Structure formats: C-alpha cells, structure tokens
Amino acid sequence: MPVRGAAGRLRPSQEKGDEIEILTFAGGPFVQNTILVACDDGRTGLLVDPGAATPAALAAARDRKLDIAALLVTHAHVDHVDGVALAKAETSAPIHLHPLDRPIYDNVSEWATFFGVPCEQPPPPDADLVPGVNVAFGESEFEVVFAPGHAPGHVMFVSTSEPVAIVGDVIFRGSIGRTDLPSANYGVLMESIRSQVLTLPSETVLYPGHGPETTVGLERGTNPFLLHLNGGRGA
Ligand SMILES: [Zn+2]
Ligand SMILES: [Zn+2]
C-alpha cells in the first residue's frame with residue numbers, strides 16, 4: 001500500500017492540495033522504496049529509484065492520470081534501478097543519473113548476479129544530474145544535492161518549496177547507508193550526512209530508499225550512528 005507522506009506546509013500563495021505528494025511503494029528482497037512524486041500541478045509525476053515495486057508505482061500513476069516526466073535515480077545499486085527498464089518502456093521518460101554512478105549502472109546485471117536477484121540491464125541514462133543544479137517538473141523543483149559515501153555518485157533530491165527530501169540510501173530511520181560495498185566509504189558518507197542532511201531544517205521529512213520516512217530532527221536526536229557528531233549527546 002502506498003504511504004501518504006507528510007508533504008509539508010503550504011506556501012502562503014497556495015491553495016489546499018496545491019503541493020507535492022510523495023507515495024512510497026516497497027518491494028523486492030531488499031524491501032526497496034520506489035517513490036512516486038505527484039508534482040504541484042497535479043498532472044506531472046516523477047519516479048525516483050524505480051525498483052521492484054515499479055509496476056505498483058506505475059499503476060498508481062495511471063490511476064491518478066499522472067504523466068511521468070522523469071526517472072530520477074539517487075544511485076545505481078541494483079535494488080534502485082531494477083525497474084528502470086520497465087519504467088522506461090512504459091513511459092519513455094528520460095533517465096537522470098549522476099555520472100559517478102555510471103560504472104555501477106553499466107554493470108548492474110553483474111551486481112544482480114552477485115546478489116542473486118533478477119535485473120534487466122536498464123537503457124543508458126538520458127541526462128546527467130548536476131549537484132547544485134535544480135531540476136524542475138510540473139511547477140515543482142528539486143535541488144540535486146551531492147551526498148556520496150554509500151555510492152560514489154549518490155545524490156538526494158531536496159524540494160525547494162517544501163520541507164521534503166528524497167535521500168536514497170544516505171540515511172534511514174535509526175540507521176545509515178551501508179559502506180561495506182565496493183566503492184563505498186564510511187568517512188565520506190558521514191561527512192555527507194553531517195554537511196548535507198543534518199544542515200536541513202529539523203522539520204524536513206526524509207524519504208529513504210528503505211524503511212519508513214523520518215525527519216531531520218528525529219535523526220539528529222536519536223540516530224545511534226550519528227551520536228558522535230553531537231559530541232555523544234542527542235541534540
Ligand atoms: Zn544502495
Ligand atoms: Zn538500497
């Protein structure tokens with residue numbers, strides 16, 4: 001079942017309902033979240049990290065008559081891209097990826113074999129995600145924020161109008177992305193969390209690649225992997 005996220009506060013100029021909506025669909029052996037974003041205009045949709053639950057996310061988009069404008073990939077691990085081929089075939093929407101994750105993306109079928117999961121090799125990306133550059137779809141806009149460590153080209157999508165961020169496998173409720181995989185780096189990940197996640201406003205709702213949503217304030221205060229960033233105390 002999709003989870004209706006707390007999409008944030010209304011801007012003063014907005015009418016009720018005129019805000020982005022985030023729907024999360026978990027699936028596959030890694031219980032990965034495929035995320036459907038309904039943009040401010042109510043007609044444009046985005047798929048973020050099309051994974052095993054892509055069929056359910058596409059069905060929800062059809063139900064809502066959302067036109068999928070883009071396939072956005074936070075990072076190229078197999079569980080985040082194993083639905084890209086299907087999503088591309090059904091929507092023809094352009095695939096956006098940071099170039100530093102291209103080597104993982106291009107070899108994702110080898111990763112799939114390693115993890116023992118099926119994965120159709122996705123078609124090549126259509127556009128590079130550029131950190132600091134905003135991507136705009138249907139009156140909604142997201143800043144592309146570089147947050148490497150779990151993967152070398154990992155990015156997050158931070159709404160420019162509402163306290164909402166789609167964070168992939170950087171941080172989870174009560175946990176952080178794993179760094180025991182090839183091309184992962186614990187120190188780099190912790191610096192990404194310190195400088196790019198914990199600097200967001202406390203009320204920012206974080207939509208991770210696995211598990212339930214959380215907030216910056218909750219993780220700052222209770223995430224056991226981050227306590228040393230606060231001098232050993234919750235903050
Ligand atoms: Zn990952
Ligand atoms: Zn993942």
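Both counts, for ligands and for their atoms, begin at 1 and track the order of listing. A quick note: this is a predicted structure, and the numbers were derived from the prediction, not measured. The first residue of the sequence shown is numbered 1, and numbering continues consecutively from there.
At a cut-off of 2.8 Å, His154 is not counted among the residues with an N, O or S atom near the Zn ion (ligand 1).
Enclosure of atom CZ in Phe114 is not indicated, since only 12 or fewer non-hydrogen atoms of other residues, nucleotides or ligands lie within 6.0 angstrom.
Note: angle at the Zn ion (ligand 1), from NE2 of His150 to ND1 of His77, is 90° (rounded to 10 degrees). Annotation: angle subtended at the Zn ion (ligand 1) by His75 NE2 and Asp169 OD2 is 90°, to 10°. The Zn ion (ligand 2) forms the vertex of an angle spanning NE2 of His210 and NE2 of His80; to the nearest 10 degrees it equals 110°.
Of all N, O or S atoms in Asp79, the one lying closest to the Zn ion (ligand 2) is OD2.
Using a cutoff of 4.0 Å between basic side-chain nitrogens and carboxylate oxygens, Arg43 and Glu139 are not scored as salt-bridged. Remark: Arg102 does not engage Asp128 in a salt bridge, criterion side-chain N to carboxylate O under 4.0 Å.
With contacts defined as side-chain heavy-atom distances shorter than 4.5 Å, the pair Met156/Glu143 does not qualify.
Of the candidates Asp169, Thr74, Asn185, Asp169 is the only one forming a side chain to side chain donor-acceptor pair (under 3.5 Å) with His150.
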